[in-house]
Each structure stands twice: as structure tokens, then as C-alpha cells.
Amino acid sequence: MTDTVEPRISRGLRDLLPDQMLARQSMIDTIRRVYELYGFVPLSTPAIEFLDVLSGSAGTEAQQSIFRVTNPENEALGLRFDLTVPLARVIAQYADLPRPFRRYQVAPVWRADKPDKGRYREFTQFDLDSVGTVSEVADTEIIAGMCDTLSSLEVGRYLVRFSSRAVLNLLLDFAGIGPEQGADVFRVLDKLDKVGLDKVSRELMNGYKDESGDTIRGVGLDGSQVDRIKRFLDIKSDSRREVAARLRELFATLDHAPAQIDVVERISNHLYALGYDDDRVSLDLSIARGLAYYTGPVFEAILLDAPQFGSIFGGGRYDGLVMRFLGEAIPAVGASIGVDRLLAALAHLGRVDTRKATARVLVTNMDKALTDDYLQMTWELRRAGIPTEFYIGTAKRLGKQLEYADQYDIPLAILCGSNEKAKGEVTVKNMAAGRAKAKMLDDRSSWLAERPGQTTIPRERLVEGIRELLAEIESA
RNA sequence: GCCGAGGUAGCUCAGUUGGUUAGAGCACCAGAUUGUGGAUCUGGGGGUCGCCGGUUCGAUCCCGGCCCUCGGUACCA
């Protein structure tokens, strides 16, 4: 007989507690700085869209993973499953937006799939897109931006691999595969990294029976078609120039091949000119991307020091997406970062912000009669730009208050009781110093007697004194 | 979706061949210490034993169904 509600959240969703949010925000801030440096502008769109706006680009199986939403008017609505479709809607709806429209957007999206390790039903994407330009410079700066982002995040070595759907379409011609099978072929090729060439070629032909007993249906190509695909995939080199050259050789018999290979090579050359060399951007013909709507260059990034996280950043050119809304093709190219996956990778690499608190100083509450003194100190520090917190909990014992600072990793605590007040000074405690000292002592009373990490500063020099101590801590 | 394992305190888990008040460690709270964090000691709070039904004098334990979680596999616009 209880009237309380069990606190819980639906599967695939999660809370992000303060330490996780601090890590996430500082990562997002770093990425945002890169894109604002590139001159991209922010955009926000509603989480909820009309169902017919969302569906269509995706096909029926995609529609199943849309979260349905109801409103009082009983309209057919759903939660967005990516940021690209809402962007296409905005482009079509606001005809007076200056183009090219180059925007970034960081926001949660929802997919009603089965949750899995590292896969949630609500997750955050950071997207950047340039809409309304066919220029290869747009593709180039998306790729360069991916590099600059990963460099800023200090993720170690990374590789942005790119190819082109137009080149893959040449492959369909070369192998005698009809365009209706193209999407299936690309979807299978996209698994190459994960399952290997052997399984991919079997899946391209008759399919096979998986270890778990599941049948994987084949695409139905014949042996000679798969051989031609293998010759294409065989073109591998650390040099983008060499890949392009060998590609020209392989497709020598196709009339329209040179023009498409030129596009890829121009991007590659722009990147060479900017110093994005073969060590971090490669022309990799096995990159296909699973998505159906890509029409031109496609790209994805992997972390060489954490390859198990897979593609943490991917995108491509999609010149047909706005057509649905406008009846007019508007070219666009963009990329999307899986914020959660990238964050997991950063955590794995030890590159995340590990702060637990925003406050740098805790003003302890030692004597109720001095409350206004404490508030004045707190606001003095705040007005000087030093993040400061006054202890507003109920614990009267000083030990509890210091424990609070310890738990939140607040580096400095200010102690000011009637003794300090009388002398016109405050005691400042460096929490980390005491923590280090505690490891070496096992006798409590001597540790207490030592008062580790404590200094005294005159009350009137509060701000300067705290600044100096914080600077010391930060440089340590 | 498919194969396998599991569900007992906030967390990690033990346990009961079916029997009265279900345990440990960690975490949490209080005190030893009314002006000093760690360690230690003492005490304390916290459980529909996943849910529903069946068998039984009696079920956390046995049986059935369902739900959920984890591992593998597939899918992922």
C-alpha cells in the first residue's frame, strides 16, 4: 500500500548526471568553436515534426523506428530521427534564407530501435551542412572541418576516409549491375570493415547462414560481377593520387568515368593544397555509407587509437533531399558526429573533461552570525569572475562541509570563523594538498594537527589571493 | 528478429535440498571529533527476493506464462 511512484526511465533513455554533462558540454564547445571559425551558423528545429515530413526519405522500415507523438489536435506527429530531414524542411520552408546556407546543429534525435550497448533511443548528433552549392569546396571544407575538429579534441591519430557514390555508380556500370540493386550493393559494401571481404562477397551472391542460425539473404550477383567488385576494392593505397590514377585505369572503358573521378580528385587536390595529407585523409573506395540518399562524395572518420568505436563522424553529398519538399533539387553536403559515441571514445582515450563541479571555491558556513560576511565574500569572488559557491546545506559541522567540497572536487575552501574575522583574515584550504597528504598518514590526529594545504590571506586581498592560489593549482 | 545466460538492498553478489525475524561487502546517514576531508571504530536506515498465476499447510526457492537485463548475432534510413 504505497502511493509513491517508482522512479525509472523507459528503456534506451538515460539521465546525464552533472559530471557527464560537464564532459559532454566541453566536448561540444570545442566542436562548436571549430565550426564557428569556419563561419557556420546555428539552427534549432523542434523535436517534433509532422509524420509525413519525417517519413518518405527513409522508406518503410525506417518509419518503424520513428517515435510517434500525439498532440491535443490528434495530428500525426513523430520525433525527429536525424537532423538532416528537418534541415531540408527548413530550406524548403524559408525560401528567403541566403544560400549557400551553412549551418550547424547539435541536438537530440530519437529512434525506436532495440537499444544495444552504446546505442540509445535518444542520442545527440552534431551536424554541419552546406546547402545550395555544388562547389567541391563545400565538400572539401566539410572534410577539412572533420580533421580540424578531431585535432582540436586531441583524439590522437585519426583518419578521414572518403569516396563517392558517383564513383560507386560507375562500379555498378562496370560490373553490369542494374541501378535498382545499387542501394543493396552499397549497404553490403558498407559492412566490409566489420565482417570482411569473404562474408561481403557471399552476401553479394547467394547469402549464407550465420553462426547464430540466422539466414542472411544474398543480393543475387553472379561470380563475374563480384570479381569486378573485388578488382575495384583491390585499389588501395596510402596515396590519394595513386588511388585516383588506378581508378582511371580500371574504368578506362566507361565514357562518363573521367568527369566523376575529376570531382573526387579536385577535392583531394584542394585538401593537399591545405595540408590535409594522406596521413589523415585517404581516398578509400570501400567507403559506401549505408544511407540511400547520398549522391556524391561520402566520407567517414575513424580514430586510429580507438578503432573499435567505428565511424564516429560521417557524411556525404545528398543533392536530392530537398526535392521532396520543393520539387526542385537543391544540392547539399554535410556530416554528422555521433556525440555519444565520440564521447565514449574520448573517455576511453582519457581525453574527457573530468570536472564534477563548476565552482572553484566553496565558502564554508561556520557561524550563523557571520552569514552576511560569507555572502559578501561569495559575491565578491563571483563579481570578479571566479566561480564560487556558498555552503547552503544544513550540515553544521565543518568536516561535513569540507567533505562536500571533496566530493565535488572543488579545489579551494574558505574558512572564516570568529577568529579569522577578528584578525581581518580568511583561511583558505587547498583540498588537493590535504588529500595528497592524507595518503601518507594513517594517524588522524597528526593529520588534523598539520592542517595540510592551509594558508591565510588578508580579508581585503580575498580576490587576489584566491586568484593566485587557483593559478598555482592550475599550473601544477 | 534469432541463440544463450540471468533477475535477491542504491551497487556487486551470497543464500535457502520448500519452513518462523533473507545476509555480506561497498555506498549512504549519525556519532567517536560542538573549527578541519582520508583511515579506523560504534551504531543506524534501507528488501512487494522481476511480475502474474499454479502446486503446497506453507513459495524468494518447484511449475507455467509474461516482463526486463546481460552476452553473442542480425538490422540500423
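This structure is a prediction, so every number in the text was calculated from the model and none was measured. Throughout, a chain's letter reflects where its sequence line sits, starting with A, and its residues are numbered from 1.
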Expressed as a whole number of angstroms, how long is the span from [X]:[atom1] to [N]:[atom2]?
X	N	atom1	atom2	value
A:Asn365	B:U34	CG	P	17 Å
A:Asp113	B:A74	CG	P	16 Å
A:Glu300	B:C76	CD	C1'	14 Å
A:Met366	B:G37	CE	P	12 Å
A:Asp190	B:C76	CG	P	9 Å
A:Met431	B:G37	CE	C1'	5 Å
A:Glu425	B:G35	CD	P	18 Å
A:Arg435	B:U36	CZ	C1'	14 Å

Does A:Arg435 come within less than 4.0 Å of A:Asp406, counting only side-chain N to carboxylate O? yes

Answer yes when A:Arg459 and A:Glu380 have at least one side-chain N-carboxylate O distance shorter than 4.0 Å, and no when they do not. yes

Using a 3.5 Å distance criterion without hydrogens, assess whether the side chain of A:Arg324 forms a donor-acceptor pair with backbone atoms of A:Arg89. no

[N] phosphate, OP1 or OP2, under 4.0 Å from [X] side-chain N/O:
X	N	answer
A:Lys396	B:G35	no
A:Arg119	B:C75	no
A:Arg397	B:G31	yes
A:Arg111	B:C76	no

Just to be sure I understand the rule, does [X] reach a base, reach only the sugar-phosphate, or reach nothing, if contact means heavy atoms closer than 4.0 Å?
X	result
A:Arg289	nothing
A:Gly434	base
A:Gln401	nothing
A:Ser418	base
A:Asn419	base

Under a 3.5 Å cutoff on both atom distances, Watson-Crick or G-U, what's the dot-bracket for RNA chain B ([ ] crossing, | other strand)? (((((((..((((.....[...)))).(((((.......))))).....(((((..]....))))))))))))....

Is the terminal nitrogen or CZ of A:Arg102 (NZ for Lys, CZ for Arg) located under 6.0 angstrom from the six-membered ring centre of A:Phe40 and within 45° of that ring's axis? yes

